[in-house]
Amino acid sequence: MEKVEVKELLEAGVHFGHLTRKWNPNMAPYIYMERNGIHIINLYKTAAKIEETSEALAKIAASGKKILFVATKKQAKDIVAEKAGAVNQPYITERWPGGMLTNFVTIRKAVKKMAAIDRMKKDGTFNSLSKKERLQVNRLRAKLEKNLGSISDMTRLPGALFVVDIMREHIAIKEAQKLNIPIFAMVDTNSDPREVDYLIPANDDASKSVDKILSIVTSAIADGLNERKSEKAEKEAKSQKTEKKAEAKPAQPAEKAPVASQEEE
């Protein structure tokens, strides 16, 4: 797991909170001081929370469950797409589709529709459509790709949610709460930390800050995935050894049936 350096968090501007008049009193334990009307986040507490969060995320990844990243704000969407994509995790960076979690079956149908269009293009059915129909199908495919392309491999509900800016993504938070899906999040001084299970007190508006936090947590996820891979490889190696031993064992000679004595006859 990547070591959390307070100096690096400081350089990335993770400590800058919101204006003091916009603060949420529940964030008081994570605020270090006030400077020029802005709250300054205690980076030592941030570092401790990053380590706690990273450990939990690594365990979820090692268990084989997916972690869904959610960030639709301009400063964070490209970073999230890059970092989550690098560790093969699903993400939502366009508008949150209502019912994404609570009505997952419907969302899966939309994803399957995308796959069906791709099949049409491969088997030639698409070419038999009229020009107007082809245009409509292409538009539908592009729209689905934009909104749901990044979750096409998510065949079941995620094991956790990682959110950048819980106030902006409040619908996603509510849906996860309904289904008891653990919520991990970057929480700024204007938000309520009680909304999430694992918080990282941090500046969620600056792209440098988002990039720094995402780099650390996705590195932890990568560690969890590698652990799962090596465990699988060990199991396979063991089972192959067992199979080889069984094959190498000489077959036991069959027992001779007892010959009946003349008296018995």
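- The CD atom of E195 lies 13.0 Å from the CD atom of E169; values are rounded to the nearest 0.5 Å.
- The pair R228-E231 fails the salt-bridge criterion, with no side-chain N (NZ, NE, NH1 or NH2) lying under 4.0 Å from an Asp/Glu carboxylate O.
- Checking side-chain atoms of S219 against main-chain N and O of S215 turns up no donor-acceptor pair under 3.5 Å.
- Under a hydrophobic-cluster definition in which Ile, Leu, Val, Met, Phe, Trp and Tyr are linked whenever side-chain heavy atoms come within less than 4.5 Å, directly or via other members, I171 and I173 are assigned to the same cluster.
- Considering every non-hydrogen atom in both T218 and A84, the closest pair reads CG2-N, 4.4 Å.
- Without hydrogens or angle criteria, K45 side chain to P29 main chain gives a donor-acceptor distance under 3.5 Å.
- Between the side chains of H18 and D205, at least one donor N or O sits under 3.5 Å from an acceptor N or O.
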Checklist entry - Does the side chain to side chain contact (heavy atoms under 4.5 Å, CB included) test come out yes or no for T72 and T93, once each step is laid out? => result CA-CA 4 Å; T72 59; T93 53; 5.7 Å; no

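- Criterion: ILVMFWY side-chain heavy atoms under 4.5 Å apart, direct or through other members. Under it, M154 and M114 are part of a common hydrophobic cluster.
- By the 4.0 Å N-to-carboxylate-O rule, K238 lies too far from E234 to be salt-bridged with it.
- Side-chain contact between K83 and D211: present, with at least one pair of heavy atoms (C-beta onward) separated by less than 4.5 Å.
- Considering every non-hydrogen atom in both A56 and F184, the closest pair reads CB-CE2, 3.7 Å.
- Of the residues D165, V163, V14, I213, the one that meets the side-chain contact (heavy atoms from CB on, under 4.5 Å) test with D204 is D165.
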Checklist entry - So I92 and F69, side chain to side chain contact (heavy atoms under 4.5 Å, CB included) or not? Walk me through it. => result CA-CA 6 Å; I92 294 287; F69 284 78; over 6 Å; no

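- Note: I181 CD1 to K65 NZ = 10.0 Å, rounded to the nearest 0.5 Å.
- Residue-environment remark: CZ (F126) exceeds the threshold of 12 foreign heavy atoms within 6.0 Å.
- Note: Q136 CD to R139 CZ = 7.5 Å, rounded to the nearest 0.5 Å.
- The shortest side-chain heavy-atom distance between N42 and P201 does not fall under the 4.5 Å cut-off.
- Around CG of N36, the count of heavy atoms belonging to other residues, nucleotides or ligands within 6.0 Å does not exceed 12.
- For the 3.5 Å distance criterion, the side chains of N26 and N24 qualify, holding a donor opposite an acceptor.
- Considering only heavy atoms from C-beta on, N147 stays 4.5 Å or farther from P97 through its side chain.
- Shortest non-hydrogen contact noted between I107 and G99 is CG1-O, 3.9 Å.
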Checklist entry - Taking it one step at a time, do I151 and M100 satisfy side chain to side chain contact (heavy atoms under 4.5 Å, CB included)? => result CA-CA 10 Å; I151 60 151; M100 163 78 213; 3.4 Å; yes

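- Q89 contributes a side-chain N or O that, together with a main-chain N or O of I67, makes up a donor-acceptor pair within less than 3.5 Å.
- The hydrophobic cluster containing L199 does not contain V80, counting ILVMFWY residues as joined when their side-chain heavy atoms lie under 4.5 angstrom apart, directly or transitively.
- Residues Y44 and L9 have side chains not in contact (no heavy-atom distance under 4.5 Å, counting atoms from C-beta outward).
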Checklist entry - Can L179 and E175 be said to form a side chain to side chain contact (heavy atoms under 4.5 Å, CB included), step by step? => result CA-CA 7 Å; L179 298 168; E175 287 192 30; 5.6 Å; no

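- By the 4.5 Å heavy-atom criterion applied to side chains, L101 and L68 are counted as neighbours.
- Looking only at side-chain heavy atoms (C-beta outward), T155 and R108 come within less than 4.5 Å of each other.
- Ring planes of H39 and W23: tilted class, angle from 30 to 60°.
- Taken to the nearest 0.5 Å, the CG atom of L57 stands 8.5 Å off from the OH atom of Y198.
- A continuous path of hydrophobic side-chain contacts links F162 to I60 [ILVMFWY only; heavy atoms under 4.5 Å].
- For the atom pair T46 OG1 and M186 CE, the distance stands at 9.5 Å (nearest 0.5 Å).
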Checklist entry - side-chain hydrogen bond (donor to acceptor under 3.5 Å, both in side chains) between N138 and K121: does it pass, once the steps are laid out? => result CA-CA 10 Å; N138 276 331; K121 289 187 175 184; 2.8 Å; yes

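- The CG atom of D192 sits 4.0 Å away from atom CZ of R194, with the distance rounded to the nearest 0.5 Å.
- The same ILVMFWY cluster, assembled from side-chain heavy atoms under 4.5 Å apart, contains both I50 and V87.
- Side chain of K113 to backbone of R141: no donor-acceptor contact under 3.5 angstrom is found.
- Judged by distance alone, the side chain of D197 and the main-chain N or O of I183 form a donor-acceptor pair under 3.5 Å.
- The environment of K59 atom NZ is sparse: at most 12 non-hydrogen atoms of other residues, nucleotides or ligands sit within 6.0 angstrom.
- Put simply, the side chain of M27 does not reach to within 4.5 Å of the side chain of S191, judged on heavy atoms.
- Here the closest heavy-atom approach between residue L19 and residue I38 is recorded as CD2-CG1, 4.1 Å.
- The heavy-atom pair separating V210 from A76 by the smallest distance is CG1-CB, 4.0 Å.
- Minimum interatomic distance between A176 and L161 (heavy atoms only, all atoms of both residues): CB-CD2, 3.7 Å.
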